[in-house]
Structure formats: structure tokens, C-alpha cells
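Heads up, the thing below is written out as C-alpha cells.
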2 protein chains.
Amino acid sequence: MSATIKDVAELAQCSIKTVSRVINAEPHVTEATRNRVLAAIQTLDYAPNFSARRLVQRRAYMICVLLHEAGFYQSTILSKVLDIGYQQDYDILIQSYYPSHTKSKEKLEALVRERRVDGLVITPPCDVDPFLSDLLAQSGVPYVQITPLNRTPEVPYVAGDDYQGAYLMTERLILMGHWRIAFLSGPRNHRASIDRLYGYKAALEVYRVPARDDLVLESLYNFDGGHNAARIAMGLAEPPTAIFGGSDEAALGALFALQEMGVKVPEEVSVCGFDDLPQAQQVWPGLSTVAHPVDEIVERAIRMLISILTKREPESRQVVLPSRLVMRGSTAAPPPDLN
Amino acid sequence: MSATIKDVAELAQCSIKTVSRVINAEPHVTEATRNRVLAAIQTLDYAPNFSARRLVQRRAYMICVLLHEAGFYQSTILSKVLDIGYQQDYDILIQSYYPSHTKSKEKLEALVRERRVDGLVITPPCDVDPFLSDLLAQSGVPYVQITPLNRTPEVPYVAGDDYQGAYLMTERLILMGHWRIAFLSGPRNHRASIDRLYGYKAALEVYRVPARDDLVLESLYNFDGGHNAARIAMGLAEPPTAIFGGSDEAALGALFALQEMGVKVPEEVSVCGFDDLPQAQQVWPGLSTVAHPVDEIVERAIRMLISILTKREPESRQVVLPSRLVMRGSTAAPPPDLN
DNA sequence: TCCTCAATTGACAACGTTATCATTTATGCT
DNA sequence: AGCATAAATGATAACGTTGTCAATTGAGGA
């Protein structure tokens with residue numbers, strides 16, 4: 001059985017409150033007393049019991065991060081989440097959340113209602129659906145959303161700039177000489193998806209490149225979607241010279257499809273994506289893509305949540321951070337005979 | 001402020017102990033009383049406070065899963081870990097652990113010493129190094145290891161059968177007609193790594209295929225290692241017709257290298273790996289590989305730990321589960337002119 | 001030396017459960 | 001009816017902290 005604060009107090013010849021003060025670095029303790037207490041702590045190998053602290057402070061000291069299935073994008077987020085976990089007093093509880101999954105809902109509800117977590121960070125593609133909305137409103141548990149489907153003034157969020165990222169990539173392709181650029185679009189109810197599409201369209205317009213409806217293809221942002229969309233695109237009378245996947249997963253599917261068809265990338269067709277998944281650099285050729293500053297986004301989100309939890313108003317409750325291009329081998333100028 | 005057990009007792013006209021009995025499904029409560037209590041719980045929207053329960057039961061109801069950096073293999077594990085989290089009373093705390101990282105050590109030490117976790121699941125490549133060993137011994141926190149570097153009778157573990165998996169794959173390659181099979185080996189201090197190498201060698205011997213030392217190449221099991229090793233292998237006077245990566249990461253590196261060199265896979269050289277990472281099926285051609293039953297391994301490990309935590313002796317403290325082959329497009333018979 | 005005020009210290013209540021054991025109530029048997 | 005026994009219930013003490021506020025100590029000034 002490990003030592004308690006009482007044992008320490010006894011050994012250090014003082015009250016438990018004084019020991020508590022030393023542990024929590026509160027003022028009003030003489031140097032001499034502090035040293036006695038520290039020595040006693042050392043001797044007894046004492047460590048405060050976290051459950052007791054949690055109970056009396058009515059805080060779980062735990063943040064719940066909602067993740068959809070543990071996929072590629074998620075592992076990037078997770079990596080940073082864990083990294084930040086070190087620096088905070090809060091522990092981080094990963095909870096997977098599928099809107100349709102009854103079990104995950106029950107578990108989450110228990111977590112929130114039993115006060116096992118103080119706050120939530122919601123990561124895409126999770127979002128505040130009616131169930132979450134009810135639960136959060138009813139329990140009053142604070143939360144921060146990462147790249148929400150829709151932005152409303154009440155919801156604190158941190159997001160990457162999808163519009164600007166898509167604009168930059170499309171601009172880059174145009175400047176390379178492409179003017180038949182296919183875009184693999186994603187779910188329509190997703191704000192990021194719409195922003196990316198608009199960023200693409202905006203760049204076309206600015207550079208006076210004719211926009212063709214048949215070059216905007218549904219991909220659902222997944223591998224199979226990109227795969228199918230690329231086959232369709234290449235079957236068009238005037239096929240694209242570049243395929244811009246609204247997500248890397250879709251772009252990878254497209255890349256796979258082109259290679260299946262024997263189309264050379266990037267010599268005949270350029271491919272690029274969005275998200276900068278780790279495997280974007282491990283396929284051949286490396287996938288050019290748009291990177292959100294995921295690390296910074298996650299860090300800002302968690303910090304924002306902690307600010308809210310500790311009643312310090314965060315500097316801003318709505319943050320959008322700029323994206324940047326990551327150019328690799330999958331993009332090049334279009335074949336000259338097609339210009 | 002949410003309701004407490006006291007409020008429920010008051011409303012239901014009984015003692016808090018009776019409410020506690022109802023909550024925990026203990027016997028000795030009349031149907032009538034139980035209904036009154038349940039009604040009161042409903043009315044007050046009561047949920048028990050977990051921190052209080054933790055304190056009085058001296059349990060954190062939390063299991064810590066030690067992960068190395070959030071990479072590919074980890075996300076597979078994680079996915080299952082989260083899935084299992086639903087089914088248990090225990091919450092799961094992910095903690096990254098780098099032996100050299102002071103911060104991660106400090107955090108882990110705090111978690112264990114402050115009784116914030118009841119037990120640990122250690123996942124590869126994390127292992128019981130001297131620091132962990134001390135910490136675990138001193139605090140007496142139980143743990144289960146997944147595929148330990150070294151197996152000792154005292155340490156409970158769950159592992160995949162690396163020897164058998166490597167044997168099966170090598171056998172398969174031989175039966176396809178390969179007899180110049182390179183093997184990309186991994187860290188020598190890793191049990192799995194050694195088992196895989198021996199499985200490879202055993203199959204060669206059984207089928208009387210001459211073993212060549214120059215075809216066993218160091219790869220460190222990572223992408224770059226595989227990349228380099230493949231280049232070296234293909235530069236040999238008698239290059240291999242198949243490259244068996246001891247890990248998928250190495251195999252992917254090899255695949256990448258071959259494609260860079262313009263070598264056709266699988267027509268000229270076959271490639272296969274070990275681990276069945278998600279992207280093994282997303283490269284072109286799909287990577288043949290050996291799959292550990294990761295889901296089952298993780299599930300068994302967590303169940304084993306919980307058995308130990310609740311003082312029920314698990315059926316077995318050492319479990320090895322069979323691997324299986326996953327054949328995809330990256331393997332084929334060797335070119336006929338080379339046979 | 002005494003007084004005032006600030007700094008230090010401590011006694012004890014709270015936090016919301018579960019655990020122990022005594023007490024009350026119901027049941028079955030003679 | 002009376003008694004033994006089992007079942008249901010409750011009073012109260014933990015669990016190990018932090019928070020409140022009163023008590024004590026020490027320093028500085030008249």
C-alpha cells in the first residue's frame with residue numbers, strides 16, 4: 001500500500017494541509033517546512049492520489065478526443081495529440097465515434113454524464129450531429145471542433161484554410177500549363193469539401209481557364225471513389241491533363257487507377273491531392289498535395305479547450321490557419337502535344 | 001450541478017446504500033424498491049460520479065496502452081484497442097513511449113505512481129527496458145506485453161507466430177519457382193526479427209534451396225532501410241528474383257526502389273512483406289504479405305490484463321497466435337529465362 | 001515591552017461513492 | 001402464536017485529497 005498525504009504530514013511533523021500546499025506549490029510555506037516535507041515525500045516515495053484530487057476538485061483532468069475510425073488522417077492527428085498530452089496536466093482519452101454506432105454513443109454518453117471527461121475535442125470527419133448536440137447541450141461539457149462541417153459563431157473551432165489551399169494548388173497547376181484539370185470532389189455537406197471545390201473554381205476563374213462541369217467528379221474522398229472517378233475522367237472525349245483529388249485518399253485512388261490503365265504519371269497526367277497523408281510520400285511517384293498545418297491545428301484546439309475549461313477566455317474562439325503546398329513527383333507540365 | 005446518490009435516496013425514500021445496490025445490480029433489493037429508485041434516477045437524470053467510485057475502490061478503471069510514435073502499424077493496433085474499449089468497464093489511455101524521450105518517461109512515471117492507471121499494455125516496438133522494468137517492479141503495476149523482444153516465463157505476453165509466418169511465405173515463394181530469395185532482416189535484438197529470419201532459413205533448408213549470405217540484407221525494418229537494401233541486392237552479380245521484406249515498411253521501400261530502377265514487379269522481381277499494413281493494399285501492385293492476427297492479439301492482451309487486474313488468473317499468460325499469408329499482385333513466378 | 005498586522009500553520013468539513021455491520025422486516029416452521 | 005432464520009434496509013465509516021477559516025507565530029514599530 002502506498003503512502004498518503006497523512007503519512008507524509010506525520011513524518012514531516014506538520015498538518016496535511018501544509019503538505020498539500022507544498023505539493024501544489026502554494027505560497028505561505030517557510031523554506032524550512034517545505035524542505036522537511038520534501039524530504040518526507042522522498043523518504044516515503046509518496047505520490048498524490050489522483051482520484052482523490054479529482055473528486056474534491058470536481059474535475060476529471062481528462063480531455064476526450066473524438067476520432068472516427070483509426071485511419072491515416074487520424075494517425076497524424078493522434079500523433080500530435082499524444083505529443084501535447086505530455087505538456088498538459090490533462091490526460092487524453094481517445095474515443096472513437098461513429099454516428100451510426102450505438103455502442104460508441106453509449107460509451108460517450110457515459111463518459112460525459114459520469115463526469116469522466118471535462119471537455120471534448122472533435123476531429124473530422126466527426127461532427128456535432130443531433131445526438132452529440134443534445135448530449136453536449138444537456139451536460140454543458142465544453143468542446144472545441146477541428147474543421148467543423150459547418151461554422152457557426154457559437155461553436156469554437158480550429159480549421160485549416162481549405163479554400164486557399166485548393167486555390168494555391170489549382171493556380172500552381174495552371175502555371176505549369178494545365179488547363180484541363182479534373183477535380184475529385186467530396187461530400188457536399190462538408191464545409192471543407194465545398195471550400196476546396198470553390199478554391200479550385202476560383203483559381204480557374206482568376207486565370208480565365210474554362211471551367212468544365214464534366215471535370216468535377218464525385219469521389220467521396222476515399223480511395224475507391226478516387227479510383228472510379230479517375231477511370232471516368234480518363235474516358236472522357238477530352239480527358240484531363242491533371243487530376244486534383246480533393247483528398248489524398250481520392251488522389252491515391254486516382255493514381256492507382258492511372259497506373260492500372262498504363263497512363264504515365266506525371267508525364268501524361270499529373271495527380272495531386274489534399275491533406276498530405278504520410279503515404280503521399282511513399283507511393284511512386286510521390287504525391288503532390290496540400291498540407292494543413294495539422295500539428296498546429298491540434299495544438300491550438302487543445303489549448304483553446306483548456307483555456308475554456310479553466311475559465312480563461314481564449315484569445316479567439318474561431319481560428320483558421322493557412323495551408324501550404326507540398327510538391328512532389330506526381331505533378332509536372334502537361335505533354336507538349338496537348339497544348 | 002448534477003444530482004448525487006443522496007438526492008436519489010431522498011427522492012426514492014431509502015438509504016444511499018440501497019441506491020448503490022440498485023446501481024451496481026447487487027442482490028437484496030425488493031422489486032418495489034428497485035423501481036422507486038430507478039424512477040428517481042430517471043427523474044433526476046442521475047449518473048454516478050466516477051471519481052468517487054475510483055477513490056473508494058482504489059482503482060483507476062483505466063488501462064494504459066504504450067505506443068511508439070503513431071505510425072502505420074500503431075494505427076492498426078489502435079483501431080482495435082479503441083474498439084475493445086467499448087466493451088469494457090475500463091477506459092483506455094494511450095501513452096506514447098520513446099525510451100530516449102525524457103518527457104514521455106516522466107509522464108508515464110506520474111501515471112503509474114499516482115495510480116492513474118491500473119495496468120499497462122505494451123505494444124511493439126516498445127518493450128520493457130531498464131527504466132520500465134524498474135518502474136513496473138517498484139510500483140507493482142501489472143502489464144501484458146504484445147510481441148515482446150524477448151520472451152521470459154515471468155512476463156505475460158501475446159504474440160503472433162513470426163517464425164511460422166516467415167516460413168509459410170518463403171515456402172510459397174519457393175513453390176512459385178523462386179530460389180534466389182533475398183531477405184531484408186531487421187534489428188537483431190528483436191525476437192520477432194530473429195524468428196522471421198529463422199523461418200525464412202528453415203523453409204530454404206526444408207526445400208533444399210541453397211542459402212546465400214549475401215541475400216540476407218540489413219534493413220532495420222523501415223522504408224529507407226528497405227530502399228537501400230533492395231538497391232544493393234539488385235546490384236549483386238546474381239540478383240534475387242524475389243525480395244522478402246521482414247516488415248512491410250521495408251518491403252515498401254524495396255518496391256519503391258525497384259520502380260525507381262525501372263524493374264518490373266512482379267514480372268521481373270517479386271516483392272513481399274510482413275505485417276499487412278493498410279497501405280500494403282494501396283500501392284501498385286498490391287503487396288503480398290504475412291498478416292498477424294492483430295485484432296485478436298490486442299483483444300487477448302487486454303482481456304488477459306483485465307483478468308490479472310481482477311485477480312482472476314487468465315487461462316494462459318503466454319499466447320502465440322498463428323499468422324496467415326495475404327497474397328496480392330506483387331508476387332508471381334520468376335521470369336522463365338532465369339530458371 | 002507591548003501592540004498590530006501579516007505570514008504561517010492547522011483542524012476539520014467537504015467531495016460522492018462503496019463497504020461493514022447492525023438493525024429492521026418478512027418468511028417459514030413448529 | 002411464537003420462534004428461528006433469512007431477506008431487506010440503513011447508519012456510519014472509510015477512501016485521500018482540497019478548501020475554509022480560525023489559530024498561532026513572527027516581525028516591525030511605538
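Each chain gets a letter, A, B and so on, in the order its sequence line appears, and its residues count up from 1.
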Task: Salt-bridge contact B:R303-B:E299 (side-chain N to carboxylate O under 4.0 Å) - done: yes

Open item on the list: One thing to verify: whether A:D127 and A:R191 come together as a salt bridge, which I'm taking to mean a side-chain N less than 4.0 angstrom from a carboxylate O.
Closed with: no

Task: A:R300/A:D295 under salt bridge (Lys or Arg N to Asp or Glu O under 4.0 Å): CA gap, chis, key distance, verdict - done: CA-CA 9 Å; A:R300 294 278 294 253; A:D295 282 8; over 6 Å; no

Below 4.0 Å: OP1/OP2 of [N] and any side-chain N or O of [X]:
| X | N | result |
| --- | --- | --- |
| A:Q57 | D:dG19 | yes |
| A:Y46 | D:dT17 | yes |
| B:T30 | D:dA7 | no |

For a quick test of reading the model, state the closest non-hydrogen atom pair linking [X] to [Y] and the distance between them.
| X | Y | value |
| --- | --- | --- |
| B:Y157 | B:Q318 | CE2-CG, 2.9 Å |
| B:K107 | A:Y90 | NZ-O, 3.5 Å |
| B:Y46 | A:R113 | O-NH2, 3.9 Å |

Figure out the [atom1]/[atom2] separation between [X] and [N], and round it to whole Å.
| X | N | atom1 | atom2 | result |
| --- | --- | --- | --- | --- |
| B:K6 | D:dG10 | NZ | P | 15 Å |
| B:I5 | C:dC15 | CD1 | C1' | 13 Å |
| A:E26 | C:dT9 | CD | C1' | 13 Å |
| B:D7 | C:dC15 | CG | C1' | 13 Å |
| B:Y61 | D:dC15 | OH | P | 17 Å |
| B:R58 | C:dA19 | CZ | C1' | 11 Å |
| A:L55 | C:dC15 | CG | C1' | 4 Å |
| B:F50 | D:dC15 | CZ | P | 21 Å |

TODO: Report the residues that fulfil side-chain contact (heavy atoms from CB on, under 4.5 Å) with B:P99, sequence neighbours left out, ordered by chain and then residue number.
DONE: B:Y97, B:D129

- [ ] Specify the residues of residues 32-42 of chain B, ordered by number, for which at least one heavy atom lies under 4.0 angstrom from an atom of DNA chain D.
- [x] B:T33

TODO: Using heavy atoms and a sub-4.0 Å distance, could you list which residues of residues 8-24 of chain B are near DNA chain C? By number, please.
DONE: B:I16, B:K17, B:S20, B:N24

Task: Nearest-nucleotide 5' precedence on DNA chain D, A:R53 against B:H28 - done: B:H28

Task: Stepwise salt bridge (Lys or Arg N to Asp or Glu O under 4.0 Å) check, A:D89 with A:R59 - done: CA-CA 11 Å; A:D89 290 337; A:R59 292 238 210 115; over 6 Å; no

Open item on the list: Run the salt bridge (Lys or Arg N to Asp or Glu O under 4.0 Å) test on B:R54 and B:D91 for me, step by step, so that the C-alpha distance in whole Å, both residues' side-chain angles and the decisive distance to 0.1 Å come before the verdict.
Closed with: CA-CA 12 Å; B:R54 286 180 160 122; B:D91 285 335; 3.8 Å; yes

